[in-house]
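Reading through the structure tokens given below for one structure.
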Amino acid sequence: MENTQQNTQRIMAFSRKIRLACKWLIFCLPVVYGLSWTFFNHLHHMGPLQPLPVHVDHDLPPLSRFLAFLVDMIPLGAIIYGLRKLEGLFGLYEHGLIFTAQHVRYFRSLGRTLIVWVGCDVVRSSLLSMVLTLDNPPGHRVITVGLGSADFAAIFVGVVVLIISWVMDEGRKIQEEQALIV
């Protein structure tokens, strides 16, 4: 019993740290994205901070960098949504709530978010290729569309998380029914 209580206390303490890290990331990621596009012309000469859908060998004008930032916000919105759900999930763990209906809802949201994030990333890649080549002369503008193995892996993980949430919900229902039996 003492070991279980120690484990619960460790889970609660670690969950608080993860919850705070999620909160910090929700704030910092948009700032980092904004700074990376603001200083893109200085930074891209050192090598790309993130993979770009097209090769950029020239400085980008402010409008292109601003549009690129807006386009990057599409999948980042899904990431932030997922981080909010993780923050809520670890908030439950922080308070010792492990097997609740809200817990299942957070997991279900995370699975859906992974799948939606892939779609958002495909849209990002396509729009970003267009924005990054907007200043190119006619005939040298590009739009790309594609899915990579990481996208399929994210979709697979999203589906697995959805199935886990389903199994967890069934387990929660069984636990609630057993608690009512006297």
Side-chain angles (χ1 to χ4, degrees), residues 14-91 93 105-165:
F14 190 70
S15 294
R16 175 173 166 66
K17 292 174 186 173
I18 296 296
R19 184 183 61 77
L20 292 173
C22 288
K23 187 178 285 282
W24 183 81
L25 284 170
I26 289 167
F27 172 76
C28 288
L29 282 175
V31 172
V32 169
Y33 275 57
L35 290 172
S36 70
W37 284 111
T38 299
F39 298 106
F40 178 84
N41 292 337
H42 302 291
L43 299 172
H44 87 278
H45 296 296
M46 296 184 286
L49 296 175
Q50 60 178 325
L52 298 174
V54 294
H55 177 69
V56 177
D57 59 359
H58 61 282
D59 286 349
L60 296 175
L63 179 61
S64 293
R65 288 182 284 139
F66 177 69
L67 292 173
F69 168 74
L70 291 179
V71 167
D72 258 352
M73 290 299 101
I74 296 169
L76 185 59
I79 292 169
I80 288 172
Y81 181 81
L83 286 169
R84 295 272 313 183
K85 296 303 169 184
L86 279 173
E87 181 184 5
L89 180 65
F90 282 99
Y93 294 158
R105 283 192 291 275
Y106 281 134
F107 258 92
R108 191 170 292 132
S109 290
L110 286 169
R112 290 178 181 147
T113 300
L114 280 169
I115 295 167
V116 167
W117 171 74
V118 171
C120 290
D121 201 47
V122 170
V123 169
R124 172 213 175 256
S125 180
S126 298
L127 290 175
L128 196 56
S129 66
M130 189 173 64
V131 166
L132 294 176
T133 60
L134 198 59
D135 288 330
N136 291 359
H140 296 280
R141 295 179 185 140
V142 177
I143 187 163
T144 62
V145 178
L147 286 170
S149 58
D151 297 321
F152 290 111
I155 290 170
F156 178 77
V157 171
V159 170
V160 168
V161 171
L162 285 172
I163 293 169
I164 290 170
S165 73

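Across all their heavy atoms, Pro30 and Ile80 have their closest contact at CG-CD1, 3.7 Å. Between Thr133 and Arg141, the shortest heavy-atom distance links the atoms O-CG, 3.2 Å. Taking each heavy atom of Ser129 and Pro53 in turn, the nearest pair found is N-CG, 3.6 Å. Taking both residues in full, the closest heavy atoms of Leu60 and Asn41 are given as N-OD1, 2.7 Å, listed atom of the first, atom of the second, then distance. Between Ser126 and Thr144, the closest heavy-atom pair is OG-O, 2.7 Å. Scanning all heavy atoms of the two residues, the minimum distance from Pro61 to Asp135 falls at CG-OD2, 2.5 Å.
Under a 3.5 Å cut-off, the side chain of Arg124 and the backbone N or O of Val71 do not form any donor-acceptor pair.
Residues Val142 and Asn136 form no side-chain contact, since every pair of their non-hydrogen atoms from C-beta on lies 4.5 Å or further apart. Counting heavy atoms from C-beta on, the side chains of Leu83 and Leu29 come closer than 4.5 Å.
Note that CG of Asp72 and CG of Leu67 are 11.5 Å apart. Values are rounded to the nearest 0.5 Å. Atom-to-atom distance recorded for Tyr33:OH and Ile79:CD1 is 4.5 Å, nearest 0.5 angstrom. Of the inter-residue distances, the one linking Trp117 atom CH2 with Ile155 atom CD1 reads 9.5 Å to the nearest 0.5 angstrom. Of the inter-residue distances, the one linking Leu134 atom CG with Met130 atom CE reads 7.5 Å to the nearest 0.5 angstrom. Note: Glu87 CD to Trp24 CH2 = 14.0 Å, rounded to the nearest 0.5 Å. A distance of 12.0 Å separates CG in Leu20 from CZ in Phe90, rounded to the nearest 0.5 Å.
For the side-chain contact (heavy atoms from CB on, under 4.5 Å) with Ile74, the lone residue among Leu127, Val122, Asp121 that qualifies is Leu127.
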What verdict does the side-chain contact (heavy atoms from CB on, under 4.5 Å) test give for Leu89 and Ile18, after you've listed the backbone C-alpha separation in whole Å, the side-chain angles of each residue and the deciding distance to 0.1 Å? CA-CA 10 Å; Leu89 180 65; Ile18 296 296; over 6 Å; no
Between Val131 and Leu70, is a side-chain contact (heavy atoms from CB on, under 4.5 Å) present by the stated rule, with each step listed? CA-CA 10 Å; Val131 166; Leu70 291 179; over 6 Å; no
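Counting heavy atoms of neighbouring residues, nucleotides and ligands inside a 6.0 Å radius, atom CZ of Arg108 exceeds 12 of them. Residue-environment remark: OH (Tyr93) exceeds the threshold of 12 foreign heavy atoms within 6.0 Å.
Taking the six-membered ring where tryptophan is involved, the planes of Phe40 and Trp37 are essentially parallel, since the angle between them stays under 30° and well short of 60°.
Among residues two or more places apart in sequence or in another chain, the side-chain contact (heavy atoms from CB on, under 4.5 Å) test is passed with Ser109 by Tyr81, Lys85.
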